[in-house]
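Before any comments, here is the structure.
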Amino acid sequence: MAVRATVTRFPIDVESLMDSGLPWGVTVSPFAAKDENGNPPVYGSEGHLLPRCENCWAYYNTYCEQEQWAWTCSLCGTLNGLSSQSVSRYSQPESCPENMSSFIDLELPMEESEEMQARPVYVAAVDLASSEEFLELVKSALLAALEALGPGSLFGLATFSHKIGLYDVQGPIPVVKNVFIPHDSDGTLSMELQDIMPLSSFLAPVDTCKDRIASALETLRPTTSWERTSGAGQGLDGAFLGGRGFGSAMEALFNYIGSEYGNTFALARVFAFLSGAPDIGAGQLDTRRYGEQYASRREDADRALLPEQTPFYKDLAAVAVQSGVCVDIFAVTNEYTDLASLKFLSIESGGSLFLYTSTDDSTLPQDMYRMLSRPYAFNCVLRLRTSSEFQQSHSYGHFFPDPQYENVQHIICCDSFATYAYDFEFVNNAGFSRHTSELPMLQIAFQYTVVVPPDELANAGSNTTTRAKHSLKKRLRIRTLQFGVGHSINEIYDCVDSEVVLSLLVHKVILASLEQGVREGRMLLHDWLVILTAQYNDACKLIQSGHGGSSGVHIDVAFSQCPQLQPLPRLVFALLRNPLLRLHEEGVHPDYRIYLQCLFSALEPSSLSRAVYPLLTSYASPDKQAYPRHSLSRAALITSGSSIFFLDAFTNLIVFYASTAEPSLPFPPPQDCLLRTTINKLKQERCITPRLSFIKGGQDDATTFENYLIEEQDVEGSGFTSVMGFVSFLDEINQSTLEYLK
């Protein structure tokens with residue numbers, strides 16, 4: 001559980017917070033195996049015996065003062081009694097994880113109703129209203145997925161177009177049974193899927209049927225245009241309707257699989273492979289809105305294309321959750337598919353949204369393998385508690401709030417990369433006391449369930465003689481943190497984590513974009529940097545006015561006296577240049593913007609920082625690094641004199657050989673060199689597979705590399721003056737800060 005704060009010393013009161021100009025909050029990666037410093041939790045059992053505060057319900061921890069029969073809560077100061085069982089437990093404190101560490105992970109007992117056969121269930125739903133190239137890519141991805149699935153897993157193959165196909169691969173040859181999807185928006189099927197094929201025939205054990213599943217995949221063919229039109233029927237104006245009944249297929253699948261929820265499985269994962277927008281049956285989407293001329297109607301296209309056009313997929317996500325299903329959507333298309341409507345099905349059911357604009361260089365097979373190879377928790381509950389002077393004001397991330405309890409979030413499925421963010425506010429104007437030794441406290445509790453394979457149970461000494469079964473383990477992970485207090489603005493500025501500040505800003509601008517349009521998101525970001533610059537200059541007493549009014553004022557826009565703030569102008573400039581906040585008329589595809597919103601709002605701070613402002617390093621040779629960091633400008637390339645440049649933009653990795661590089665340098669770099677080792681390490685650590693490309697300057701097209709050299713590009717279309725490059729951007733911030741100070 002990695003926890004990072006925007007400032008490691010919290011502002012002492014409301015005035016201090018306002019004067020700093022900084023967001024105040026934390027990011028939390030609850031299922032990360034270690035904390036932000038690389039330390040693992042102390043593991044233990046009997047989590048249900050952990051004492052809890054009678055007032056705020058916080059858990060007992062190492063910061064609590066303990067007497068023989070009582071303990072004082074470190075969050076709210078309440079004195080709580082200890083049961084005789086706890087007194088005897090704590091008579092040998094070194095035997096209890098909660099007395100050894102403030103970061104613990106304890107096993108919880110399972111209720112009888114929860115102790116079931118918990119086989120991992122995976123279902124692939126493949127779009128046949130597609131192309132041969134799309135299906136070849138999906139086959140490769142599913143073959144990779146089969147290699148990653150653990151023993152004992154069950155796998156089902158379904159297809160959708162103008163009909164739903166269910167595959168039985170447990171016999172000598174694969175059998176497919178179909179049911180047609182009515183093309184009206186009601187889309188109710190003529191019969192239940194359970195009546196077409198029993199679920200036990202559909203879900204095949206991967207251990208014994210892997211080859212047969214592979215054979216079934218080979219039989220997948222795109223539906224012909226004739227099939228689609230005869231199946232879908234004619235439109236009113238004589239034009240044939242399409243044939244992709246995605247919504248109806250998903251709804252039917254969830255009801256079908258959900259019948260065994262809590263019996264055969266505890267979580268089923270559905271992989272939906274989509275090549276275009278759903279156009280028949282329930283949940284069909286009208287893609288004509290993308291082609292509309294918003295400018296002629298004086299409408300903001302960025303605002304019009306971001307909201308969903310139907311609540312169908314949001315409601316369907318709730319059905320998925322009720323059925324114990326988590327949905328991952330893999331969209332492989334360069335056409336408008338309206339991910340703004342579809343995204344809810346994945347992010348609100350605990351899944352992910354992936355977008356690949358082409359089948360040629362798609363990393364879909366690698367992403368599938370990677371996603372299924374890493375551990376995940378499910379049915380998770382996340383609760384953040386604070387000491388009494390401050391509280392949570394907003395929470396951000398792919399979870400849904402508990403309908404009954406405040407500040408409790410439910411996460412359907414969570415891997416080690418998934419990250420959530422919280423904003424804080426003071427309960428009243430008093431803030432933290434200047435006169436007591438009590439410091440701000442934060443406690444994060446994360447209850448989760450994991451599926452434990454039979455071999456791990458055997459290693460743990462479970463002497464079961466029955467046929468190997470997966471079992472469920474419920475655990476409680478608790479992290480208690482104590483923060484310092486900044487008694488002056490300078491103390492606060494000295495302990496800023498710019499990557500976490502960026503994380504909170506990204507969440508805020510995504511929210512503003514969705515509610516008020518991209519222009520509003522851009523203005524929010526710009527104005528924030530102006531206010532921070534003004535507050536910093538005021539706090540550091542840098543504003544010196546000449547006699548001629550504002551003309552004599554010098555503004556330090558580069559935060560030259562505070563190294564911790566120095567990355568922020570570049571990060572804001574890069575974020576304004578990012579497709580997340582570029583305008584529709586600049587050619588940003590609305591689906592790509594939605595994909596970035598979903599990706600960025602789940603990334604941990606270091607990854608997000610890399611995605612917003614890529615890292616450019618240089619090498620004298622493939623085995624010798626020259627400089628660890630350059631600014632993203634052509635000038636940096638020329639002045640460095642280096643031969644090889646390596647750019648890490650999180651989703652893309654580019655190796656660029658300068659045109660001046662020695663011809664004797666091997667291209668591309670050999671597998672056993674330092675540069676390749678660095679690349680391979682980065683690829684292993686990523687949550688998604690970055691695309692790797694090699695470019696030889698002077699011979700290959702270097703456009704993809706040059707597009708990342710943003711510091712000489714303009715901030716275009718911001719509603720502010722069109723300015724060239726980062727230096728001019730700082731001049732503009734300087735002018736705006738002067739206006740603000742007037």
Side-chain angles (χ1 to χ4, degrees), residues 6 15 17-24 300 302-303 489-490 492-493 496 498 501-502 504-513 515-583 585-586 612-613 631-633 710-742:
T6 52
E15 187 183 355
L17 174 61
M18 299 305 289
D19 287 349
S20 73
L22 291 163
W24 177 30
D300 182 356
D302 299 302
R303 198 167 170 179
I489 294 296
N490 288 344
I492 294 171
Y493 284 159
V496 169
S498 59
V501 170
L502 176 70
L504 265 84
L505 288 176
V506 165
H507 281 294
K508 287 171 189 288
V509 297
I510 287 174
L511 214 57
S513 301
E515 289 173 359
Q516 297 164 290
V518 175
R519 282 174 209 279
E520 192 61 37
R522 290 180 67 89
M523 285 167 67
L524 176 84
L525 191 60
H526 175 274
D527 293 351
W528 174 81
L529 184 58
V530 168
I531 293 166
L532 176 69
T533 307
Q535 301 294 71
Y536 158 80
N537 277 268
D538 189 37
C540 297
K541 303 290 181 279
L542 297 171
I543 301 170
Q544 296 148 356
S545 178
H547 294 295
S550 65
S551 59
V553 174
H554 168 72
I555 301 288
D556 176 8
V557 289
F559 301 101
S560 56
Q561 293 189 18
C562 182
Q564 285 74 17
L565 294 175
Q566 284 169 13
L568 288 171
R570 269 197 167 83
L571 289 172
V572 169
F573 172 76
L575 190 52
L576 288 167
R577 293 271 323 136
N578 193 281
L580 181 79
L581 288 178
R582 297 277 289 281
L583 297 168
E585 57 258 34
E586 291 182 65
V612 170
Y613 191 91
S631 62
L632 298 176
S633 65
I710 57 173
E711 294 203 6
E712 287 131 341
Q713 299 170 19
D714 65 4
V715 171
E716 239 350 72
S718 57
F720 316 117
T721 51
S722 176
V723 291
M724 285 301 291
F726 180 60
V727 175
S728 304
F729 170 72
L730 290 182
D731 287 345
E732 201 278 326
I733 294 295
N734 185 38
Q735 282 305 114
S736 298
T737 306
L738 287 171
E739 291 294 317
Y740 175 77
L741 288 167
K742 277 184 191 173

- Query: When rounded to the nearest 0.5 angstrom, what is the spacing between CD in Gln535 and OH in Tyr740?
  - Reply: 5.0 Å

- Answer yes or no: is there a donor N or O on one side and an acceptor on the other, between the side chain of Asn734 and the main chain of Leu730, under 3.5 Å? no

- Query: Which heavy-atom pair separates Leu580 from Val518 by the least distance, and what is that distance?
  - Reply: O-CG1, 4.5 Å

- For residues Trp528 and Gly21, report the shortest heavy-atom separation together with the two atoms involved. NE1-O, 3.0 Å

- Task: Decide yes or no on side-chain contact (heavy atoms from CB on, under 4.5 Å) for Leu22 and Leu565, but give the supporting numbers first.
- Result: CA-CA 10 Å; Leu22 291 163; Leu565 294 175; 4.1 Å; yes

- Query: Among Asn537, Leu568, Asp527, which residue meets the side-chain contact (heavy atoms from CB on, under 4.5 Å) test with Leu532?
  - Reply: Leu568

- Query: Can you name the closest pair of heavy atoms from Ala534 and Leu741 and give their distance?
  - Reply: CB-CD2, 3.9 Å

- Rounded distance [0.5 Å steps], CD1 in Ile555 versus CG in Asp731: 12.5 Å

- Query: Do any N or O atoms from the side chain of Gln566 and from the backbone of Phe559 form a donor-acceptor pair under 3.5 angstrom?
  - Reply: yes

- Look up atom CD1 in Ile531 and atom NE2 in His526, then write down how far apart they are to the nearest 0.5 Å. 10.5 Å

- The reported gap from CZ in Arg570 to CG in Leu632 (rounded to nearest 0.5 angstrom) is 8.0 Å

- Item | Nearest atoms (heavy-atom pairs only) where Thr6 meets Leu504 | CG2-CD1, 4.1 Å

- Task: Using only heavy-atom distances, determine whether the side chains of Glu732 and Ser728 contain a donor-acceptor pair under 3.5 Å.
- Result: no

- Item | Euclidean distance, Leu505 CG relative to Leu502 CG, rounded to 0.5 Å | 6.5 Å

- What is the minimum heavy-atom distance between Tyr493 and Ser20, and which atoms define it? OH-O, 2.8 Å

- Item | Side-chain donor-acceptor pair present, Tyr613, Glu711, cut-off under 3.5 Å | yes

- Residue Glu15 excluded, over 12 heavy atoms near CD under 6.0 Å: no

- Item | Heavy-atom closest contact (Gly521 atom, Ala512 atom, distance) | CA-CB, 4.1 Å

- Taken to the nearest 0.5 Å, the spacing of Leu511 CG from Lys508 NZ works out to 9.0 Å

